[in-house]
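Report on one structure; see the data block that follows.
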Amino acid sequence: MTEDEDNALTRPQRRLLRRLYNGRTEPVVADDKPFLTYKEASRYLLSLDAEAREAAYLEMKRQAG
């Protein structure tokens, strides 16, 4: 596995984020930062280390349900 593949979001993560941010008018807040689009959220998640990324992803996921 390459370093890029190791740092990428998983397919289920990408799918959930796309559904979560599709047509969103109110931002999702993670780590006290508001995200309104999939691109903003994925860019932020990819900038984090694996542990922080998982925590922020779970915080976004909680707001989806």
Side-chain angles (χ1 to χ4, degrees):
M1 188 178 291
T2 67
E3 188 174 324
D4 287 342
E5 289 172 340
D6 195 32
N7 290 333
L9 298 172
T10 65
R11 185 171 187 232
Q13 288 174 328
R14 289 190 314 266
R15 290 181 70 201
L16 179 110
L17 289 174
R18 286 194 188 279
R19 283 195 309 264
L20 176 63
Y21 288 102
N22 185 28
R24 181 155 289 277
T25 57
E26 301 227 359
V28 171
V29 179
D31 296 337
D32 296 324
K33 296 176 179 28
F35 301 99
L36 194 57
T37 66
Y38 167 81
K39 275 194 165 192
E40 291 172 345
S42 63
R43 189 176 303 126
Y44 175 70
L45 290 172
L46 291 171
S47 73
L48 301 173
D49 63 54
E51 190 174 308
R53 179 185 307 150
E54 186 64 23
Y57 170 77
L58 290 174
E59 192 173 341
M60 289 176 188
K61 186 176 178 179
R62 269 192 298 273
Q63 293 179 48

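- Considering only residues two or more places apart in sequence or on other chains, T25 meets the side chain to side chain donor-acceptor pair (under 3.5 Å) condition with none of them.
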- Item | Check against side-chain contact (heavy atoms from CB on, under 4.5 Å), Y57 and L17 | CA-CA 9 Å; Y57 170 77; L17 289 174; 4.2 Å; yes
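- Applying the side chain to side chain donor-acceptor pair (under 3.5 Å) test to every pair with at least one member in residues 8-21, sequence neighbours left out, gives these pairs: T10-Q13, Q13-E54.
- Under the 4.5 Å side-chain criterion, counting only non-hydrogen atoms from C-beta, M60 is not in contact with V29.
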Would you mind writing out the side-chain donor-acceptor pairs for residues 30-37 within the sub-3.5 Å range, not counting sequence neighbours?
unit_1	atom_1	unit_2	atom_2	d
D31	OD2	Y44	OH	2.5
T37	OG1	E40	N	3.2

- Task: For R53 and L9, run side-chain contact (heavy atoms from CB on, under 4.5 Å): C-alpha distance rounded to whole Å, both residues' side-chain angles, the deciding distance at 0.1 Å, then the answer.
- Result: CA-CA 9 Å; R53 179 185 307 150; L9 298 172; 3.7 Å; yes
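- Between A56 and L45, the closest heavy-atom pair is CB-CD2, 3.6 Å.
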